[in-house]
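Atom set for the values below is all heavy atoms of this structure, side chains included, hydrogens, waters and symmetry mates excluded. Bear in mind the structure is a predicted one, so any value in this text is a computation, not a measurement. Letters A, B, ... are given to chains in the order of the sequence lines, protein chains preceding strands, and every chain is numbered from 1.
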There are 2 protein chains.
Amino acid sequence: MDLRHISFRLLEVFMCVVKTRSISETARQLHLTQPTVSQQIKRLQETVNEPLVMVNQQRIHITEAGFALFQTCQQVFGHFDDYQDYLAELRGGERGRCKIAMVNTAQYILPKLLGPYSNLHPHVELPLEIGNRAEVLARFERGEDDIYVFSHPPSLEHAKAGRFLQNPLVFIAPINHLLASKSHVTLHDIVSERFLLREPGSATRMLFESELQSRGFVLSNTVQMASNEAIRVAVGSGMGLGVVSRHVLPPHDTSFCMLDVEDVNLASHWYFVVRTDRHLSHAARNFLKFAQLNLEQCLDKQWVTNELSQLNKSLN
Amino acid sequence: MDLRHISFRLLEVFMCVVKTRSISETARQLHLTQPTVSQQIKRLQETVNEPLVMVNQQRIHITEAGFALFQTCQQVFGHFDDYQDYLAELRGGERGRCKIAMVNTAQYILPKLLGPYSNLHPHVELPLEIGNRAEVLARFERGEDDIYVFSHPPSLEHAKAGRFLQNPLVFIAPINHLLASKSHVTLHDIVSERFLLREPGSATRMLFESELQSRGFVLSNTVQMASNEAIRVAVGSGMGLGVVSRHVLPPHDTSFCMLDVEDVNLASHWYFVVRTDRHLSHAARNFLKFAQLNLEQCLDKQWVTNELSQLNKSLN
DNA sequence: CCAACCCATAGATAATAACCTATAAGATAC
DNA sequence: GTATCTTATAGGTTATTATCTATGGGTTGG
C-alpha cells in the first residue's frame with residue numbers, strides 16, 4: 001500500500017461513500033458526478049490493494065478492510081481537526097510562545113507588563129532572555145527571539161521599533177555626599193568623583209560615556225560593577241557616584257539621593273523592537289497589542305510614551 | 001486549511017525535514033533534490049497558512065505550529081501503520097470474516113470442519129446461515145455469503161463448486177417394521193408406505209421425488225415434517241418410513257434401522273460453492289484451503305471426496 | 001578570503017489526479 | 001414493461017503535482 005499519492009480528498013470521498021452507502025448520493029453531497037466517485041473509490045482500492053466496498057444489488061456493502069479503513073480515516077481526520085483547533089488558538093494568541101530578549105535594565109519594568117499578560121493568556125509561553133546590550137544585540141542579529149527590548153535600538157534596516165516608556169538616567173550619590181546638598185551641580189563638578197559603572201557594552205554606560213566624550217570629559221576614577229543593584233547598594237554605602245536608570249531605583253530607598261545635574265540630560269526611551277525579515281509569532285503580535293492597550297495601567301503613567309500603535313499597524 | 005490537496009507524500013517530506021532539521025539532508029534521504037523539498041515545504045505552509053519551519057543561519061527551526069503538525073502526522077502515520085498490520089492479518093487469514101450459508105442437512109457435518117478451523121484462527125468470524133435449499137439458493141443468487149454448501153449445486157454460470165463429501169441418502173424404518181427384516185427390498189415395495197418427508201424445497205425431498213417421478217411412482221401417504229431430527233425421531237417411534245442423509249443419523253441409535261433398497265441409489269455429494277463474480281474474502285479462501293488439507297482428519301474418511309484442490313487452484 | 005555548504009527562487013516538464021460527458025448494463029418500482 | 005434508479009466503463013480535458021536544472025545569495029570553517 002503506497003500512501004504517497006493518496007490525498008485527503010480521496011479519503012473524504014471514501015468516507016462519504018461509507019456513510020451514505022451510495023455512490024450516487026456521495027456524488028450529490030460532494031458536488032461531483034457519479035462516475036467520478038466510482039473512479040475515486042476504484043483508485044483507492046487499487047492503492048490499498050484490497051476491496052473496500054462491494055456492490056450487490058444497487059446496494060453497497062462495506063468490506064472488513066473497508067470498514068477498518070473508514071475507522072482509520074475517522075481517527076486521522078480527528079487528529080487534523082484537533083490540529084485545526086490548535087492553530088486557531090495559536091492564531092488567537094491563546095497559545096503559543098513569545099520569546100523576549102531584553103537588556104538588563106529592562107527587567108525592572110517589563111515584568112509589570114508580562115505579569116498581567118501572562119495571567120490573561122496562561123497557555124502562552126514567555127521565555128525571557130536577559131543580557132547586556134551587546135548580548136541582546138547579538139541575539140537580535142541572529143533573530144533568535146520574537147521581541148527585543150532596547151533603550152537605544154539598533155540599526156533598523158531589518159527591524160521596526162516602537163517606543164513605549166521613557167528611560168531617564170539619573171545620577172545617584174550617597175545621602176551624605178557633599179554634592180547632595182549643593183543646589184547647582186554641573187557635569188564638571190562630578191567628573192572627578194569616583195564613578196561606579198556597569199561593564200562596557202551596557203547601554204547605560206555607553207550613553208553616559210558618549211555624553212562625556214562629546215563634552216570633552218574623561219572620568220578619572222571608575223569601578224566596574226556587575227549589576228544595577230550592586231551599583232545602587234554600593235552608592236548607598238558611600239563608595240562613589242552612579243548613573244542608573246530611574247526605573248532601577250526602589251521608590252522609598254533613602255540610602256542614596258539623586259543629583260540634579262543641571263547641564264546633563266541623559267534621557268532615552270525603551271523600545272520594543274521586532275525584526276521585519278522574520279515571521280513574528282501570533283503570541284508576539286498579541287503581546288504587542290496587549291502592551292499598546294495596557295501600558296498606562298501596568299506602568300507608571302508619568303513615564304509612558306505609547307507609540308506602539310504605529311508599530312502594531314505596520315506589523316499587520 | 002484545505003487538506004484536500006495535500007498528499008501523504010507531502011507530509012512524509014515534512015516529517016523528514018522536522019527529523020533531520022535540514023532541507024538538503026531530507027533531499028538526500030528521500031532521493032529528491034533540495035529545491036524540490038524547499039518547494040514542498042513552502043506549499044505545505046501555504047495550505048496550512050502558517051509558517052512551519054523557519055530558517056535562521058542555515059539552521060532550521062521548527063515553529064510551534066510546525067511541531068504540532070509533526071506530532072499530528074506521527075499519529076496519523078501510526079494509524080495507517082496499524083491499518084497495514086490489520087490488512088496483513090486479514091490477508092493472512094488470521095482475521096476477518098467468512099460467511100457460510102448451508103442447507104439444513106449440512107449442519108450435521110460442517111461443524112466438524114468449522115470447529116478445528118475456528119480454534120486455529122480465533123479472530124476469524126464465522127457467521128453461519130442455515131436454511132433449506134430454496135432459502136440458501138436465494139442467498140446465493142444475491143451473493144450474500146462467501147461460501148455456500150449445497151448437495152446439488154445450482155447453475156454454475158457465476159459460480160464454482162468443489163465436492164468434498166458423499167451424501168448418501170438412506171431409507172430408515174422403525175426397528176420392528178416388517179420390511180426391516182426382509183432381505184430384498186425394492187422401491188416398489190415401499191412406495192405405498194407412509195413417508196415422513198421434509199417440506200418441498202428441501203434437497204433431500206427433491207432428490208427422492210425426482211427419482212420417484214422418473215421411475216413412475218407416486219407416494220400415496222406422506223407427512224411433512226420440519227426437520228431431519230423430527231423425521232428420525234418419528235420414524236423411531238413407528239410413524240412411518242423416512243429418507244434422510246446418512247450423516248443425520250447418530251451412530252448408535254437403535255430405535256430405527258436402515259433399509260437396503262436394492263434398486264435405488266440416492267447418492268449425491270456435498271459441494272462448497274463460491275461465486276466467481278464476487279470478491280471472496282481472504283478468510284473464506286483460507287477456510288477452503290484449510291478444508292482441502294483437513295477433510296480427512298475432521299470427517300469420516302469413508303465418505304470424503306476431496307475435490308477441493310481444483311476449486312482452490314481456480315480461485316487464485 | 002575561498003571553498004563548501006545551506007536554502008530560496010525561477011522556469012520547465014512529464015505524470016497524474018481530478019474531474020467531466022456519454023453510455024451501458026443491471027435492479028427496482030409501479 | 002417502461003421509467004427510473006443504481007453502478008461501471010470509456011474517453012477526454014484541465015489543473016495540479018512532483019519533479020528537475022540552473023542560479024543566486026547567505027553562512028561557516030579553515
Side-chain angles (χ1 to χ4, degrees), chain A residues 2-14 16-18 20-48 51-63 66 138 141-144 157-158 275 277-279, chain B residues 2-14 16-18 20-48 51-63 66 138 141-144 157-158 275 277-279:
Chain A
D2 186 4
L3 283 180
R4 293 187 304 185
H5 292 291
I6 62 174
S7 65
F8 284 88
R9 173 58 161 178
L10 202 54
L11 298 180
E12 202 179 318
V13 170
F14 169 67
C16 191
V17 169
V18 173
T20 61
R21 302 288 157 114
S22 160
I23 303 265
S24 302
E25 181 56 26
T26 297
R28 282 189 287 270
Q29 284 187 19
L30 302 185
H31 308 294
L32 297 170
T33 61
Q34 169 267 313
T36 300
V37 177
S38 281
Q39 211 176 317
Q40 297 273 58
I41 296 299
K42 194 176 168 194
R43 195 161 72 81
L44 183 60
Q45 288 183 149
E46 276 161 10
T47 66
V48 172
L52 301 170
V53 308
M54 281 162 54
V55 181
N56 209 307
Q57 335 269 128
Q58 298 200 358
R59 206 157 248 104
I60 280 191
H61 174 242
I62 312 296
T63 65
E141 293 299 340
R142 294 178 165 270
E144 292 186 33
E157 195 183 349
H158 297 294
R275 296 199 58 124
D277 56 351
R278 299 260 179 278
H279 170 79
Chain B
D2 186 5
L3 282 180
R4 293 187 303 186
H5 291 291
I6 63 176
S7 67
F8 284 88
R9 173 59 162 176
L10 202 52
L11 298 181
E12 203 178 319
V13 171
F14 169 67
C16 191
V17 169
V18 174
T20 61
R21 301 288 157 118
S22 159
I23 303 268
S24 302
E25 181 57 27
T26 297
R28 283 189 287 269
Q29 284 187 19
L30 303 184
H31 307 294
L32 297 169
T33 60
Q34 169 266 314
T36 300
V37 178
S38 282
Q39 210 178 318
Q40 298 272 58
I41 297 299
K42 193 176 167 193
R43 195 161 73 81
L44 184 59
Q45 289 184 148
E46 276 159 12
T47 66
V48 172
L52 301 171
V53 308
M54 280 161 52
V55 183
N56 209 306
Q57 333 268 132
Q58 297 200 0
R59 202 154 253 104
I60 280 193
H61 174 243
I62 312 296
T63 65
E141 292 298 341
R142 294 177 165 271
E144 293 186 35
E157 193 182 350
H158 297 294
R275 297 200 56 125
D277 57 351
R278 300 259 179 279
H279 171 78

Derivation and outcome, salt bridge (charged side-chain N to carboxylate O under 4.0 Å, His left out), residues B/R9 and B/E12: CA-CA 5 Å; B/R9 173 59 162 176; B/E12 203 178 319; 3.5 Å; yes
Touch class at under 4.0 angstrom, heavy-atom based, for A/S24 against every strand present: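 The answer is base, as A/S24 lies within the cut-off (heavy atoms under 4.0 Å) of a base atom.
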Can you check the [X] [atom1] to [N] [atom2] distance for me, whole Å?
{"X": "B/Q45", "N": "C/dC7", "atom1": "CD", "atom2": "C1'", "value": "13 Å"}
{"X": "B/R21", "N": "C/dC6", "atom1": "CZ", "atom2": "P", "value": "17 Å"}
{"X": "A/I23", "N": "D/dC5", "atom1": "CD1", "atom2": "C1'", "value": "14 Å"}
{"X": "A/I60", "N": "C/dT28", "atom1": "CD1", "atom2": "P", "value": "14 Å"}
{"X": "B/I6", "N": "D/dA18", "atom1": "CD1", "atom2": "C1'", "value": "15 Å"}
{"X": "B/I41", "N": "C/dC6", "atom1": "CD1", "atom2": "P", "value": "16 Å"}

Could you tell me if the side chain of [Y] sits less than 4.5 Å from the side chain of [X], heavy atoms only?
{"X": "B/V13", "Y": "B/L32", "value": "yes"}
{"X": "B/I41", "Y": "B/Q45", "value": "yes"}
{"X": "B/T26", "Y": "B/F14", "value": "no"}
{"X": "B/V37", "Y": "B/V17", "value": "yes"}

Contact state string [nucleotides 12-22 of chain C, B base, S sugar-phosphate only, - no protein heavy atom under 4.0 Å]: -----SSBBBB
B/R28 side-chain N/O to C/dC6 phosphate OP1/OP2 under 4.0 Å: yes
Closest heavy-atom pair and its distance - A/T20, A/Q29: CG2-NE2, 3.5 Å
